[in-house]
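Structure first, then comments.
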Amino acid sequence: MDILSLFVVVPVLTVLVLVFAKNLKQARVISLIGMTIQFAMSINLIFAYIKERTVNTDIMVFTKDALWFENFNIHYSIGVDAISVLMIALTSTVILAGIFISWKVDDLAKEFFVSLIILASGVFGFFISIDLFTLFVFYEIAVIPMYLLIGIWGSGPKENSAMKLTLMLMGASAVLSVGILGIYFNSNADGGALTFNILEIAKVHIPVAAQNLFFPFVFIGFAVIGALFPFHTWSPSGHASAPTAVSMLHAGVLMKLGGYGIFRIAMYLLPLGAINWTDFFLVLAGFGVIYGAFGAVMQKDLKYVNAYASVSHLSLVLFALLMLNKTAWTGAIIQSLSHGLLTALFFALIGMVYGRTHTREIEKLGGLMKILPFIGAIYVITGLAYLGLPGFSGFVAEMNIFVGAFQHPDMFHRIITIVVISSIVVTAVYILRMVGKIMMGPLSNTEYAKLPKATWYEKAGLILLMIPVIIIGVMPFGLSEMIKASIQPFLERLL
Amino acid sequence: MNLESLLLMRSEIGLIIIILLLIIFEIFSNKKQKAAIIPFALILLAINTIIGFFPLQTGEIFGGMFRTNTLLHFFKTTLSLGVLILLLQSADWLKEKVVAENKATEFIILILSSLLGANFMISSGDFLMFYIGLELTTLPVAALVAYEASKRKSAEGAVKYILSSALASGTALFGISLLYATTGTLYFDTMATVLTSSHLAILGFIFFFSGLAFKISLVPFHFWTADVYEGAPINVASYLSVISKGAAVVILMILLFTVFKPLMPAWTKVIYIVTIATMFTGNLFALRQQNMKRFLAYSSIAQAGFILLGLLSVDQLGTATVIYFVAIYIFSNLGAFGVVQAISSATNKENMDDYEGLYRTNPKLSLVMMLALFSLAGIPPLAGFFGKFFLYAAAASKGYWVMVFIAVVNATISLYYYLLVIRAMFLRKGENPIPYFKSGNYMRLGLLIAVIGILVIGLYSPIYEYIYSFSNVFFN
Amino acid sequence: MDFSYTILIPLIPLALFVILGIFSKKIPPSISGWIGSLGLGTSFVLSWYTAYSYFLGGKLNGVYQTFIYKTTWLNFTDKLHIDMGVLIDPISVMMLVVVSTISFMVHLYSRGYMKGDDGYTRFFSYLALFSFSMFGLVLATNLFQMYIFWELVGASSYLLIGYYYTKPSAVAAGKKAFIVTRFADLGFLIGILLISYYSGTFDFQEINSLHGSIITNWAATSFMGLSVITWGLILIYLGAAGKSAMMPFHIWLPDAMEGPTPVSALIHAATMVVAGVYLVARLFPVYYFVENGFALQIVAYVGAISSLVAAIIAITQTDIKRVLAFSTMSQIGYMMLALGVSKYDGHEGLGYMASMFHLFTHAMFKALLFLGAGSVIHIVHSNYLKDMGNLRKHMPITHITFLIASLSIAGFPGFAGFFSKDEILAAAYENNMLIYVSSVLVAGLTAFYIFRLYFGIFWGKDNTYEHTPHESPWSMTIPMLFLAFMSIAGGYIPFSDYISADSIPFKSHLNLPLAAIATSIGFIGIILAYVFYKKENNLPERFANSFGVFYKWTYHKFYFDEIYLFVTKKILFGIVGFSAAWFDKHIVDGTMVGIGNTTVAISEKIKGWQSGKFQDYAMSFVGGGVVIAMVVFYIWIN
Amino acid sequence: MEAILFYILAALIIIFAVASVTSRKILRAVIYLLFVLISIAGLYFLINYNLLAAIQLTVYAGGVIVLFIFSVLLVHHVELELEKTPLKRKIIAGILSLLGLGITLWSIFTYTFKTATTTYSSIEVRDIGLKLLSYGDGGYILPFEVISVLLVAVMIGAIIVAKGEKLKEN
Amino acid sequence: MIAGINIYEILTLTSILFFIGLYGFFTRENLITVLLSIELILNASALNFVLINTYLYPDLLQGAIFTIFIIALAAAETALAIAIIINLYKLIYSVEVKDTETMKY
C-alpha cells in the first residue's frame with residue numbers, strides 16, 4: 001500500500017471497525033486510534049515529502065496510477081505537492097481535534113463518528129487525487145455526510161440548515177460536474193485521448209472559448225463551498241446548527257476544498273478563462289470580504305459571528321487566488337491553513353462554552369475568563385490570532401495576500417486590495433467585541449460560577465490546534481518556500 | 001433454421017417452461033402444498049437467471065422476428081435478476097396475504113408472463129412482435145394492479161392502467177400504421193433502410209413514441225404513473241417502475257438508434273423537449289408527496305428523464321451508458337421499493353410521516369433505504385452517481401451542454417426530496433415510530449442483493465467495461 | 001564593532017513572557033516579580049552598555065555608522081521580503097535606553113504596586129511581552145518588521161489596558177485602544193504597500209538612501225495632485241498618529257488610563273506612544289526629501305494642533321491620570337512638530353535632534369509623573385483630584401519627585417524638560433512662526449495644568465482619608481527616585497553630539513532669548529496655578545463659568561468621543577452594518593430560500609394537473625403528442 | 001360502384017362512430033359500435049379480404065359486443081341515461097381531436113404515396129394460414145405462439161381479478 | 001383496391017375514425033363507453049394496416065396479418081378490461097369515471 005492511499009484506507013478501515021463497536025467507549029477509542037494514526041501519518045508525510053522533494057522535481061510526487069474506467073479514461077490517480085501535503089496535515093489535525101472535542105457525544109455516538117470519519121475520508125481523498133473524476137467523487141463523499149451530521153446531532157433549526165447547506169453545496173457540485181465534463185471533453189484539443197488527469201490536461205491548450213465558457217462553472221462550483229458572495233448563505237445557518245466537531249471540520253477543512261479546487265483545477269486547467277473572468281469574480285470576492293466582516297459584527301449568536309467571519313476570511317482566499325500571482329497564492333494557501341486551524345479553534349471553544357452554559361448568545365454571556373481560565377486564555381489568543389496579530393498564522397497569511405495583491409500592476413486591482421485590507425479593522429471590531437463580551441467583564445450569571453473547568457480531552461484538542469497556529473506564525477519561512485515551490489508550475493500556466 | 005438455433009431464445013423458453021411448470025403445479029397441488037410454490041418458483045427463476053449469465057451468440061430466428069445479441073441477452077438477464085429480487089421481496093407478502101386467498105401461483109405466473117413479454121419486446125425484430133411483446137408486458141400487469149381485490153384503490157388503479165395503456169397502445173399502433181404507410185414494411189431492419197424523413201413519418205414516429213413513452217412514464221405521457229403505483233400492490237408498482245420501464249427504455253433506445261436513425265434530427269428534438277419536461281415535472285411533483293409509492297413514482301419519472309440524456313448521444317457510449325444506468329436504476333429502485341414493501345407488509349404504513357424515527361428502531365432497513373435513495377440521487381460512491389455522471393458525459397459528448405446543465409439542476413432538486421425521506425428516517429425521532437420488526441429471510445436476501453448491486457455496479461468498473469464492450473452492436 | 005549581542009535585549013523579555021505566561025498559575029508571585037525585574041534588569045544593563053559603546057565608538061569619519069544584523073523571515077516576492085534583525089544607529093540606541101530604563105523601573109515599581117493582585121504573574125508576563133515588542137519595534141531593520149512589532153505592542157497594550165478584565169470600562173478601553181490604533185495601522189499598512197510597491201523594498205536603509213533620482217521618479221506618478229509616495233508617507237503617518245495619539249486618533253489614550261498605573265507610565269507615557277515619533281524619525285530622510293517635505297508639513301501641523309488641543313483639554317480634566325494622558329499627547333505633539341519643522345543637514349536638523357531629545361527627557365519625567373500619580377492612587381484609591389489634597393506630609397518622597405517632574409515638564413530652567421523644550425522652540429522659531437507661537441502657548445498651558453495637578457494633590461484642601469496616607473514602599477520609591485534623577489540630569493546630556501538627522505554630530509547651544517520667553521510664560525502658568533489651587537477657593541469655578549460653553553466643550557474633550565461613537569456606532573455599524581445584515585438575511589438568503597420556496601410553490605400550483613381523472617391524462621397524452629409534433633414541424637419548416 | 005359503396009360505408013362508419021361516442025344511452029352506444037364494426041367488415045369485403053371480414057364479424061360482433069352487452073346489463077340499468085359531459089370538456093376534447101386530425105391529415109396530404117402497380121384480387125385463407133404457421137422469412141409462427149401465451153396470461157388475469165372478494169371497508 | 005378511391009381518402013377515413021375514438025375517450029363519463037371508444041381507435045389502426053397493405057404494398061401480407069393479431073389482442077384487452085371494470089363495480093357499485101378519482105395530486 002502506498003503512502004497516500006493509506007490516507008483513504010485508514011479512515012475506511014476505522015469506519016469498518018467502528019461498525020462493530022459495542023458501546024460508546026469503544027466507539028470513541030476506535031475513532032481516536034484511527035485518527036491518531038492518520039495524524040501521525042500526515043506528520044510523517046510532511047517529512048517524507050520534504051525528503052522526496054530533494055530528489056524529485058515533478059509537479060506531483062508519490063504518484064500512483066491505476067486504471068479505473070477504461071472507456072472514459074478514468075484513473076485512480078494520486079499524488080501530492082506541498083499544498084496537498086499541508087492540507088492533509090490540516091485535515092488530520094482538525095479531525096483529531098474534532099474527535100477529542102466530540103468525546104461527549106452520546107446520542108448515536110457510533111453513527112456520529114462513522115459519519116465524521118467518512119467525511120474525513122472524502123476530504124483526504126480529495127486532496128490526494130489528481131484525477132478530476134476521483135477528485136469529484138471524493139468531493140461529494142465529503143459533502144453529503146454533513147446532512148446527517150447537522151441534521152441529527154445539530155441544534156436549533158437544524159433540519160432547515162442541514163437541508164439548505166446540502167442543497168446549495170450539492171447544487172454547486174452539480175454545476176461543477178458540468179465544468180469538469182467541459183474540461184474533459186476539451187482535453188483532446190491538441191489531439192490525443194480525452195483524459196481526466198489534471199497533469200495531462202495541463203499540457204493541453206484548451207480553446208479559449210471553451211475556457212471562457214467552463215471557467216465560471218468550475219469556479220462557482222468550488223466557490224460556493226468557499227463561501228463566495230452571494231452563495232454563502234448556507235454557511236452561517238449551517239455552522240450555527242452543526243455540532244461542534246462538525247462546525248470545526250466544516251469550516252476548518254471542508255470550506256478549504258473550494259479554494260483548493262479553484263487553485264488546482266479552475267486556475268490550472270483553465271488559465272485563460274481565469275484571466276478573462278478574474279475581474280468579475282474579484283469584485284464578488286472582495287465584496288464578500290467586507291460584507292462578511294460587517295455581517296459578523298451584527299450577529300448575536302457566537303457561531304453566527306464565526307460563520308460570517310469565515311465568509312469574510314474565505315472570500316479573502318478567493319480574492320487572493322484571483323490575483324493570479326505567487327505571493328497572493330501563497331497567502332491564499334497559508335490563509336486556508338490558518339483559517340482552518342483558527343476557525344476550528346473558535347468553534348471548539350464556542351462548543352465548550354455552549355456545552356457549559358447552554359447559550360451562545362453574546363449578550364447572555366460574560367466574565368467567563370475567571371471561571372474557565374484555560375478556555376478563556378485560548379479564546380483570547382485565538383481571537384488575537386484571528387484578527388491577524390503577528391506571531392500567529394493569520395498574519396503571515398494576510399500579509400502575503402495583501403502584499404501579493406498589491407503587487408498587481410493593474411490600478412483597479414490595487415484599489416480593490418486597499419478596500420479589502422480595510423476589513424482587518426472590522427475584524428478587530430467583532431473579535432474584540434466577542435472576546436470582550438463573553439470572556440471579560442463581570443460574570444453575567446451567578447450560576448456560571450460553578451461551571452466545570454476544561455477537561456483533558458478539551459485541552460488536548462485545543463492545544464493540538466494551537467501549536468501549528470503558532471508554528472506557522474513564528475516560523476513561516478520554510479512553509480512559504482515550500483508552498484512557493486509548488487505554486488511555480490501552476491503560475492507558469494498563467495504566463 | 002434448426003432446433004439448436006432455438007437456443008437463442010434460451011431465456012424465453014426457460015420462462016415459458018417455468019410458467020407451464022407453475023400451471024401444472026397449481027393444478028395438481030392441494031391447499032397445503034401451495035405454500036411451497038414460492039421457493040419452487042424462486043429456485044426455477046434463479047436457475048434461469050444463472051443460466052442467463054452464460055454468454056450467448058448473436059442471431060436471428062423466425063425470419064428476423066426474433067433476434068438477440070450479447071447486449072439484449074445481458075439486459076434480459078438483468079431483468080430476470082430484477083424480477084428474482086422482486087419476487088424475493090414479495091415472498092413474505094405472498095405468503096401472508098396472497099397464499100391465503102389462493103392467488104399466489106397466479107401472481108407469479110402473471111409476473112413471469114409479463115417478463116416474458118418484456119423479453120420478447122426487446123428481442124423483437126419487427127413491429128408485430130414488438131407490439132405483441134408490449135401487450136404481453138402490459139396486460140398481465142393490469143391484472144396484477146387489481147390484485148388486491150378488496151381494495152378500492154387497487155381496482156381504481158387497475159382501471160386507469162388498463163384504459164390508459166389501451167389508449168397508448170392504440171396510439172402507438174396508429175403510429176406504426178403510418179410508418180408502415182411510408183415504408184411498406186414492419187421489419188426493423190428493412191424499415192431502417194427505407195425510412196426517409198417526412199412529415200408523415202415523423203408524425204408516425206411521434207404517435208409511436210408516445211406509446212412507448214407511456215410505458216417509460218415520460219412527461220406528458222406519464223400521468224397514470226403515480227395513481228397506478230399508489231393503487232397497485234407495492235411489488236407490482238415496483239415491477240412497473242423497474243422491469244416494465246427498463247424494458248421499454250431499452251427497446252426505445254434500440255429503435256431510435258436503428259430504425260429511426262434516419263429521423264434523428266426530428267427525434268432528438270422530441271427527446272430534448274420530453275427530457276426537460278420529464279425531469280422538471282417529475283421533480284416538481286415528487287416534492288410534495290407523502291405516500292411513499294407516489295413519491296417513488298414521481299422519482300422514477302424524473303429518473304426516466306435522466307435516462308433520456310443518454311439517448312441523445314447516438315453511439316456506443318450512449319448505449320452502454322443507458323444500459324448501465326438502467327441496470328443501476330433497477331437495483332436502486334428495487335432497494336427502495338423493497339424497504340417500502342417490508343414496512344408496509346409489517347405495519348401497513350406507507351406514508352413518509354410514518355417513517356419518522358425509523359433509524360432508531362430499524363436501522364438496517366433505514367440504511368438500505370438511504371443507500372437506495374442516495375444511489376437514485378447520484379451520490380458517490382454509490383452506483384447511481386456513476387450512472388448519472390456517465391449519462392451527463394454521454395450528452396455532453398455530443399455538445400448538449402444546456403441539457404446537461406438542466407439535468408444537473410434537476411439532480412439537485414431531486415436530492416431535496418430524497419433527503420426528505422432521509423430526514424424522516426434519520427433526523428426525526430417521531431412520536432410513535434414504527435416498532436422494531438424482523439423481516440423474513442427472503443426479504444433480507446432480496447434487499448441484500450439490491451444493496452450489493454448498488455455498491456458494486458458503480459465502483460467495480462469491469463461491469464461498465466463489459467457493458468461497453470458489446471454496446472456497439474447497433475453501430476456496425 | 002559587533003553589536004549582534006543586542007538581539008538579546010528583546011529575546012530576554014520574550015523568554016520571560018513565555019515562561020511566565022505558560023506557568024502563570026504555577027509560579028508564585030514573589031518569584032515571578034523578581035524574575036521579571038531581573039530579566040529586564042539584564043536588558044537595561046545591556047542597553048546602557050550598547051549606548052555607551054556605540055556613542056563612544058560607533059563613529060567613522062565623524063559619522064555615526066549603522067549596524068545591521070538580520071535574517072530573512074518571510075519571502076513575499078523576489079524583491080520583497082520581511083527580515084528580522086536589529087538595526088543599530090543613534091536613534092535606535094537612544095530608544096533602547098529609554099525603553100529599557102523605563103521598563104526596568106516599571107518592573108521594579110510594579111513589584112510593590114501590584115502586590116496582592118490575583119494576576120500578578122500574568123501582569124509580569126504581559127509586561128515582558130510588551131517590552132519584547134517594544135524592543136523589537138525599536139530595533140526593526142525594515143518597515144515590515146516595525147509593522148509586526150507595531151501590532152504586537154498594540155496587542156500587549158490591549159492586554160495591559162484590559163488587565164482588570166472584570167471591569168467593563170477597562171475592557172472597553174482596551175478594545176477602543178486596539179481598534180482605533182488598528183484603524184490607524186491600516187494607513188500604515190497601506191502606506192507600506194504603496195512605498196514598497198514603488199521602491200521594491202521594505203528596508204529602512206534602502207528607503208532612506210533612495211533620495212535623488214528615484215524619489216523624483218516616484219514623485220512622477222501622481223494621484224489627486226500628490227505624488228503616490230507622498231500619499232504613502234501620509235498613510236504611514238496615519239499609523240504613527242494612531243499610536244502616538246495625535247489628532248484625530250487621540251481618543252483612545254485617555255481611556256487607556258483604565259490600565260494599572262505602571263502600565264500607563266510604561267506604555268502610555270514613555271514608550272509605545274512615542275513609537276509614532278520614532279517611526280517618522282526613522283523615515284525622516286524620505287519625509288524630508290519627497291516633494292519638498294509636504295508630508296512633513298502635515299506632521300508638523302498635526303503635531304502642533306494636537307499639542308495645543310491636548311493642553312487645553314488637560315486643564316479641565318479632574319481625573320489625574322487623564323490630565324497626564326492629555327499632557328502626554330500634548331508633549332508628543334511637541335515632538336511631532338519638532339520633527340515637522342526640522343531640516344536635514346547639520347544644524348538645520350535641529351528639530352530632529354530636539355524631537356529626540358524631548359522624547360528622551362519626556363520619557364523620564366512623564367514616567368515619573370505617572371509613577372507618582374500611581375503612588376498617590378495606590379494610597380487614596382481614587383483617580384480623582386477631588387479625593388486628594390494636602391498629601392505632601394504623608395508622602396514626602398512622592399511629593400518631591402512629583403515636584404521635580406512637574407518642574408521638568410513645565411520647562412523650569414535647569415531641569416531636563418527646559419533644555420529639550422528650548423531646542424524645540426528654537427527649531428520652530430527658525431522655521432515656522434505660527435507653530436512657534438502655538439508652542440509657546442502650549443508651554444504656558446503645560447505649566448499651568450501640571451501645577452494645578454501638583455497643588456491639587458499635595459496642597460489644597462485637607463481631605464479625610466479612610467486609611468491614613470503613608471509613603472509607598474521602597475520598591476516603588478526607588479524607581480521614582482532614579483527617574484527624578486534622570487528628570488534633572490537628562491537635560492545635561494549633549495544630545496546633538498549623538499543624534500542628528502544626517503548622523504553627523506553638531507553643536508547646539510541654548511537660545512537664550514527664546515528660553516527666556518518660554519520660561520516666563522511657564523512662570524505665569526505656575527503662578528496662575530498657585531493662585532487657583534494652592535488653597536481651596538472658588539476661583540477655578542468662577543473662571544470656568546466665565547468661559548461658559550468653551551469650558552464645557554473642553555471638559556468634554558471637544559466631543560471627539562461622541563463624534564466617533566456617532567460615526568462608528570450609528571453610521572458604520574448602525575446603518576452600514578445593519579443594512580448589510582438585513583440585506584444578507586432578506587435579499588441574499590431570501591433569494592436562495594426563495595428559489596427553494598418558489599419551487600415548492602410551483603409544485604403546489606401544478607398539482608392540479610394530476611387531477612385523478614384518467615381522461616385528463618389521456619388529453620395530456622394526446623395533446624402532448626400533438627404539441628410535440630407541431631413544435632417539431634415548426635422547427636423543421638423553419 | 002365500388003367507390004359509391006365505399007362512400008356509403010365510410011359515411012356509416014363515421015356517423016355511427018360519432019353516435020357511439022355521443023349517445024347517452026349506453027346500450028345504444030354499444031349497438032352503434034356494432035354498426036361501425038359491421039361497416040368496417042364491409043370494407044374488408046370490399047377489398048376481398050374475406051377472412052378478415054369474417055374474423056371481424058365473429059370476434060368483434062360476435063364476441064366483444066356480446067361481452068359489452070353482458071357487462072352493460074350487469075352493471076347498468078338499460079334505461080338509465082349517462083351523465084352529461086360538461087360542455088367545457090367537450091369543447092376542449094373536440095378542439096384537441098380536431099387539431100390532431102388536422103395535423104394528421106396535413107401530414108398525410110403532404111406525403112406523396114407511391115401507389116402499388118401490382119395488386120391482388122383477393123387474399124386467400126390458405127396464404128394466411130401458411131404464413132401463420134411458417135417459421136421462415138415472412139412466417140408468423142412466433143407471434144402466433146406468443147399471442148397464445150398472452151391469451152393464457154390474460155385469461156388467468158381476468159379470472160383472478162374477477163374472483164376478487166367484496167370490499168371489506170364499506 | 002377499391003376502384004375510384006385513392007389512398008388519401010382511405011387514410012382520411014381512418015384518421016377521422018381514430019380521432020372520433022379519441023374524442024370519445026376524452027368525453028365519455030362511463031368506463032364501458034370509454035372502452036367502446038378504444039375499440040374505435042383499434043379499428044382505425046386495423047383498417048389502416050389492411051388498406052395500406054392493399055393499396056401500397058400488396059406483394060407482402062404484413063399489414064393484413066398484423067390486423068388479425070390486432071383483433072385478437074383487442075379482444076383480449078377488452079376482456080381483461082371488462083373484468084377489471086366489473087371488479088371495480090363489485091367494490092363501489094359504480095362504473096362512472098368520476099368515481100375513479102380518489103387518487104390524485
Side-chain angles (χ1 to χ4, degrees), chain B residues 156-157 159-164 166-168 171 174-175 197-199 202-211 213-214 218-228 230 263 265-274 277 280-281 283-289 294 297-298 409 412-413 416-417, chain C residues 74 76-77 572-638:
Chain B
E156 185 184 321
V159 166
K160 284 181 181 175
Y161 183 61
I162 187 89
L163 291 176
S164 304
L167 175 75
T171 315
F174 194 75
S197 193
S198 64
H199 284 140
I202 290 172
L203 191 72
F205 164 74
I206 289 171
F207 277 151
F208 171 75
F209 172 79
S210 49
F214 172 87
L218 299 178
V219 178
F221 315 108
H222 70 289
F223 280 109
W224 61 280
T225 317
D227 293 1
V228 174
E230 189 185 347
L263 301 184
W267 70 248
T268 43
K269 288 173 191 97
V270 175
I271 296 283
Y272 208 103
I273 299 166
V274 170
F280 275 112
T281 314
N283 281 334
L284 286 176
F285 274 93
L287 291 179
R288 281 179 299 101
Q289 299 307 324
R294 274 188 100 78
Y298 287 113
V409 168
T412 311
I413 302 178
Y416 168 70
Y417 55 78
Chain C
L74 180 63
F76 285 135
T77 63
L572 213 51
F573 296 119
I575 293 173
V576 177
F578 179 81
S579 51
W582 186 89
F583 179 77
D584 192 65
K585 194 171 173 193
H586 292 94
I587 307 292
V588 183
D589 196 33
T591 311
M592 297 301 163
V593 175
I595 291 171
N597 288 343
T598 314
T599 315
V600 175
I602 293 173
S603 171
E604 187 66 30
K605 205 108 210 171
I606 62 176
K607 75 176 185 186
W609 293 1
Q610 187 90 25
S611 60
K613 195 176 182 79
F614 69 83
Q615 289 162 319
D616 290 348
Y617 304 172
M619 276 168 38
S620 119
F621 182 98
V622 175
V626 168
V627 168
I628 289 171
M630 290 200 305
V631 171
V632 172
F633 288 164
Y634 179 79
I635 294 171
W636 198 29
I637 286 164
N638 292 289

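So you know, we letter chains A, B, ... as the sequences are listed, proteins then strands, and number each from 1. Below, each value reflects all heavy atoms present in this structure, side chains not excepted, and no hydrogens, waters or symmetry copies.
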Quiz item: Can you say whether C:I606 sits under 4.5 Å from chain B via the side chain, the backbone, both, or neither, judging by heavy atoms?
Solution: both
Self-check item: chain C contacts, top residue of B:L203, B:V274, B:D227 (heavy-atom pairs, under 4.5 Å)
Solution: B:D227
Quiz item: To the nearest 0.5 Å, what is the distance between CD (C:E604) and CZ (B:F285)?
Solution: 10.5 Å
Quiz item: Which answer fits C:V631, side chain, backbone, both or neither, if we ask what part of it has an atom under 4.5 Å from a heavy atom of chain B?
Solution: side chain
Practice problem: Decide if atom CZ of C:F578 counts as having more than 12 heavy atoms of other residues, nucleotides or ligands within a radius under 6.0 Å. | Solution: no
Exercise. Would you mind telling me which of B:I202, B:I413, B:I273, B:N283 has the largest number of heavy-atom pairs within less than 4.5 Å of chain C?
Key: B:I202
Practice problem: Ignoring hydrogens and angles, tell me if any N or O in the side chain of C:Y617 forms a donor-acceptor pair with the backbone of C:W609 under 3.5 Å. | Solution: no
Self-check item: chain B interface, residue from C:S620, C:S611, C:S603 that has the most non-hydrogen pairs under 4.5 Å
Solution: C:S603
Practice problem: Side chain from CB out, backbone as N, CA, C, O: work out which of these in B:V219 comes under 4.5 Å of a heavy atom of chain C, or both, or neither. | Solution: neither
Self-check item: Atom group of B:A168 that falls short of 4.5 Å from chain C, counting heavy atoms
Solution: both
Quiz item: What is the ring orientation for B:Y161 with B:F214, classed by angle as parallel under 30°, tilted 30 to 60°, or perpendicular over 60°?
Solution: parallel
Quiz item: Does any heavy atom of chain C fall under 4.5 Å from the side chain of B:Y298, the backbone, both, or neither of them?
Solution: side chain
Exercise. With a 4.5 angstrom heavy-atom cut-off, could you sort out which part of B:I206 is near chain C: side chain, backbone, both or neither?
Key: side chain
Quiz item: Would one find more than 12 heavy atoms of other residues, nucleotides or ligands at under 6.0 Å from atom NZ of B:K269?
Solution: yes
Quiz item: At a heavy-atom separation under 4.5 Å, does B:S210 approach chain C through its side chain, its backbone, both, or neither?
Solution: both
Quiz item: Checking C:Q615 against chain B: side chain, backbone, both or neither under 4.5 Å from a heavy atom?
Solution: neither
Quiz prompt | Top contributor to chain B contacts, counting heavy-atom pairs under 4.5 Å, from C:V626, C:V632, C:V627 | solution = C:V632
